[in-house]
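Heavy atoms only: backbone and side chains are in, while hydrogens, waters and symmetry mates are out. A, B, ... follow the sequence lines: proteins, then strands. Residue 1 opens every chain. Note that the coordinates shown come from a computational prediction; the quantities given were computed from them, not determined experimentally.
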Protein chains: 2
Amino acid sequence: MDPSRSLPMADEPARERADAARNREILLAAAAELVESDGVDAVTTEALARRAGVGKGTVFRRFESREGLMAALLDRSESEWQAAILSGPPPLGPGASARDRLRAFGRSRIELTLRHAALIRAAGHAGTRAYAPVAFAAMHVRYLLGELGVSGDLGYLATALLAPLEIPILEQQVEVEGRSVEAIAASWDDLVDRVIGSRSLRGSDGGAARR
Amino acid sequence: MDPSRSLPMADEPARERADAARNREILLAAAAELVESDGVDAVTTEALARRAGVGKGTVFRRFESREGLMAALLDRSESEWQAAILSGPPPLGPGASARDRLRAFGRSRIELTLRHAALIRAAGHAGTRAYAPVAFAAMHVRYLLGELGVSGDLGYLATALLAPLEIPILEQQVEVEGRSVEAIAASWDDLVDRVIGSRSLRGSDGGAARR
DNA sequence: CGACTAAACGGACCGCGGTCCGCTTCTATT
DNA sequence: AATAGAAGCGGACCGCGGTCCGTTTAGTCG
C-alpha cells in the first residue's frame with residue numbers, strides 16, 4: 001500500500017479530483033499570462049475562462065470569486081518571498097541580528113507590495129486581510145520582536161508595524177505625497193526603533209529621514 | 001449688491017445649479033433612510049434613484065460613483081465628530097493634555113470606525129484614503145505629536161499611528177481575534193507611548209493590557 | 001420678457017461578476 | 001469491466017454599477 005497518495009491525511013480537507021486540479025493550474029497559468037500581457041483589468045472571468053478553454057462556472061467553483069483568484073495568484077508569487085525570509089541569505093533570512101532582519105523585512109515588504117499593487121487591489125477583501133502572506137508576515141514580525149526582547153503585546157505591535165505597509169497607505173505616500181521607497185523605508189525604520197525602544201543607542205545609520 | 005451669493009468667491013470651483021443642489025440633498029436623505037431601514041447593501045443606484053424620484057444618471061452625475069455617494073454620506077456623519085475634536089469638551093476637545101487628547105482621539109476613532117464599518121467598506125477606495133475625515137485625522141494627530149515635543153517625521157508617525165485604526169485591521173481584531181474595543185484602545189495607547197517616547201514616565205494608568 | 005446657452009436630467013443600454021441547473025466525467029468498489 | 005454516485009462542468013441567465021445621448025430646464029443678458 002502506497003502511503004504517499006491515498007488516505008486523506010486528516011489535514012487536506014476534501015481532496016480535489018484530478019481534472020479539477022488540472023483546471024486550477026490551467027486557470028492560474030492563463031490568469032498570470034493575461035496579467036502579464038494586458039494587465040489586471042483584462043482578467044475578466046469570461047476572458048479568462050475562454051482563454052483557459054473552460055466554462056465560466058469553473059472559475060468560480062475553483063476560486064470562489066474573482067478576488068479569490070487574484071489572491072491565489074498573489075499567494076503563488078509571494079511564496080518565494082516567504083522562502084527567502086525563512087531560509088534565504090541574511091539580512092532577510094536567518095543570520096543577521098533581529099533588528100537588521102526587521103529592517104530588511106520592511107524594505108522588501110514595501111517593494112513587494114508596491115510591485116504587486118494592482119493585483120493586491122484586485123484581490124480586494126481577500127487580499128488585504130487574513131490570507132496567507134499577511135498572516136505569515138505578522139508571525140515573522142512578532143517572532144523578531146520577541147528576539148529583540150520587546151515587552152508588551154507583541155501581537156498588537158506586529159500588527160501596528162505592518163499596518164503602515166499596506167497598499168492604501170503606501171500608495172498614498174508614493175502617488176500623492178511623492179515619497180520614494182527609500183524615504184518610506186527610512187521612516188519605517190525609525191518607527192521600528194521607537195516601538196522596540198532602542199532610542200538611545202542609535203548606531204551608524206544616522207537616524208531616519210526628516211523629509 | 002448682495003455679496004453673500006453671487007460671485008464665485010474663488011474657492012468654490014464651479015457653483016452648482018439650484019436644482020442640482022436640491023437633488024444632491026434629496027439623494028443624500030434618501031440614501032440615509034435606505035441605509036437606516038435596510039442596510040448598506042440595499043442602496044443600489046437604481047433603488048436609490050427610484051426612491052429619490054430622480055433618474056439613475058443623476059446619482060452618478062452628483063456623486064461620481066456608488067462609492068462616492070457612500071463617502072459623501074460618511075463625510076456628513078463625521079462632521080460632528082470633527083467639530084467635537086476642534087471645539088468640544090475635553091479630553092477630546094481642547095483643554096486636556098496632548099497625551100490625553102491623543103488617547104481620547106484613538107478610542108473615539110476606533111468606536112466611530114467600527115460603528116460605520118459597513119459604510120466605510122461600501123465607500124471602498126474613496127473611503128479608505130484621501131477623503132476629508134482621514135486627512136483631518138492625520139492633521140490632528142500630527143498637531144498633537146508636535147505639542148508633545150516629539151521629534152522626527154511627524155507626518156509619517158501620524159500615518160503610522162492612524163494605520164492600525166483603519167477598518168480592515170480593526171475588523172480583523174474584533175471579528176477574528178475577538179478583541180474588545182477596550183483592549184484595542186489600551187494596546188493603541190501603549191503604541192502611542194512608544195512612539196512619543198514616554199516610556200519611563202508611565203503614570204497612573206498601569207500600562208497596556210497584555211492579553 | 002423673450003431668447004440663448006450651459007448645465008442637468010432620465011432611462012435605455014452595456015459589460016461584468018456571480019448563480020444555477022441539467023449534463024458529463026472521474027473514481028472507488030466489486 | 002461494469003456500475004453507481006459524487007464531483008465537476010459549461011453557459012444561459014440575472015442584477016448591478018456605470019455610460020451615453022436626446023430632451024428639458026435653470027440662469028443670464030439684451
Side-chain angles (χ1 to χ4, degrees), chain A residues 1-2 5-8 12-28 30-31 34-35 38-73 121-127, chain B residues 1-2 5-8 12-28 30-31 34-35 38-73 121-127:
Chain A
M1 201 194 292
D2 176 7
R5 201 79 309 227
S6 64
L7 51 164
E12 311 179 52
R15 288 283 309 133
E16 201 165 56
R17 233 166 68 174
D19 54 346
R22 205 181 57 239
N23 278 339
R24 150 172 275 116
E25 288 311 311
I26 292 174
L27 280 167
L28 280 175
L34 223 39
V35 168
D38 298 337
V40 171
D41 289 349
V43 186
T44 70
T45 49
E46 277 175 278
L48 174 61
R50 195 158 3 97
R51 174 152 191 155
V54 303
K56 193 175 170 181
T58 302
V59 178
F60 286 91
R61 205 166 317 98
R62 282 293 80 90
F63 299 101
E64 283 280 277
S65 65
R66 191 187 117 105
E67 296 192 352
L69 166 74
M70 298 302 185
L73 235 33
R121 286 224 113 96
H125 187 219
Chain B
M1 202 195 293
D2 177 5
R5 201 77 311 224
S6 65
L7 52 163
E12 310 178 53
R15 288 285 310 132
E16 203 165 55
R17 233 166 67 172
D19 52 345
R22 206 181 56 239
N23 278 338
R24 153 172 273 118
E25 288 311 311
I26 291 173
L27 280 167
L28 280 174
L34 262 175
V35 168
D38 298 336
V40 170
D41 289 348
V43 186
T44 70
T45 50
E46 275 175 282
L48 174 62
R50 195 158 1 96
R51 176 154 190 153
V54 302
K56 194 176 169 179
T58 302
V59 177
F60 287 91
R61 205 164 318 97
R62 282 293 77 89
F63 299 102
E64 282 280 277
S65 65
R66 191 187 117 105
E67 296 192 351
L69 167 74
M70 298 303 187
L73 234 36
R121 286 225 115 96
H125 187 220

With sequence neighbours excluded, what pairs up with [X] under the salt bridge (Lys or Arg N to Asp or Glu O under 4.0 Å) test?
| X | result |
| --- | --- |
| A/E25 | A/R76 |
| B/R17 | B/D19 |
| A/D38 | none |
| A/R24 | A/E16 |

For A/A72, all residues meeting side-chain contact (heavy atoms from CB on, under 4.5 Å), sequence neighbours excluded:
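Checked A/A72 against side-chain contact (heavy atoms from CB on, under 4.5 Å); matches are A/L28, A/F63.
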Using side-chain contact (heavy atoms from CB on, under 4.5 Å) as the criterion, list what pairs up with B/A122, not counting sequence neighbours.
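Scan of B/A122 (side-chain contact (heavy atoms from CB on, under 4.5 Å), adjacent residues dropped) gives B/V40, B/R66, B/M70.
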On DNA chain C, which is the earliest and which the latest nucleotide, 5' to 3', with an atom closer than 4.0 Å to a heavy atom of chain A?
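For DNA chain C, the relevant span reads C/dC16 to C/dT27.
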Would you check, one step at a time, whether the test side chain to side chain contact (heavy atoms under 4.5 Å, CB included) holds for A/V43 with A/L73?
CA-CA 12 Å; A/V43 186; A/L73 235 33; 6.0 Å; no
Got a sec? Which of residues 39-49 of chain B come in under 4.0 Å of DNA chain C, heavy atoms?
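Close to the strand, none.
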Tell me the closest heavy-atom pair linking A/A123 and A/A71, and the distance in Å.
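Nearest heavy atoms, A/A123 then A/A71: CB-N, 3.9 Å.
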Do you know the tightest heavy-atom contact between A/A52 and A/L27?
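Reported closest heavy-atom pair: CB-CD2, 3.6 Å.
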What integer distance in Å separates B/R61:CZ from D/dC20:P?
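Those two atoms, CZ and P, are 13 Å apart.
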Mind checking [X] for me? I need base, sugar-phosphate or nothing, with any heavy atom below 4.0 Å counting as a touch.
| X | result |
| --- | --- |
| A/R66 | sugar-phosphate |
| B/R22 | nothing |
| A/R62 | sugar-phosphate |

Considering heavy-atom distances to DNA chain C, does B/T58 or A/K56 have its closest nucleotide positioned more toward the 5' end?
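Its nucleotide being nearer the 5' end, the pick is B/T58.
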Between the protein and nucleotides 23-25 of chain D, are there any N/O to N/O pairs under 3.5 Å, and if so, what are the atom names and distances?
residue	atom	partner	partner atom	Å
D/dT25	O2	B/R17	NH2	3.4

Pairs where residues 41-52 of chain A contributes a residue and the test side chain to side chain donor-acceptor pair (under 3.5 Å) is met, not counting sequence neighbours
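Only A/E33-A/R51 qualify under side chain to side chain donor-acceptor pair (under 3.5 Å).
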Go through the steps to decide whether B/K56 and B/V59 satisfy the test side chain to side chain contact (heavy atoms under 4.5 Å, CB included), and finish with yes or no.
CA-CA 5 Å; B/K56 194 176 169 179; B/V59 177; 5.6 Å; no
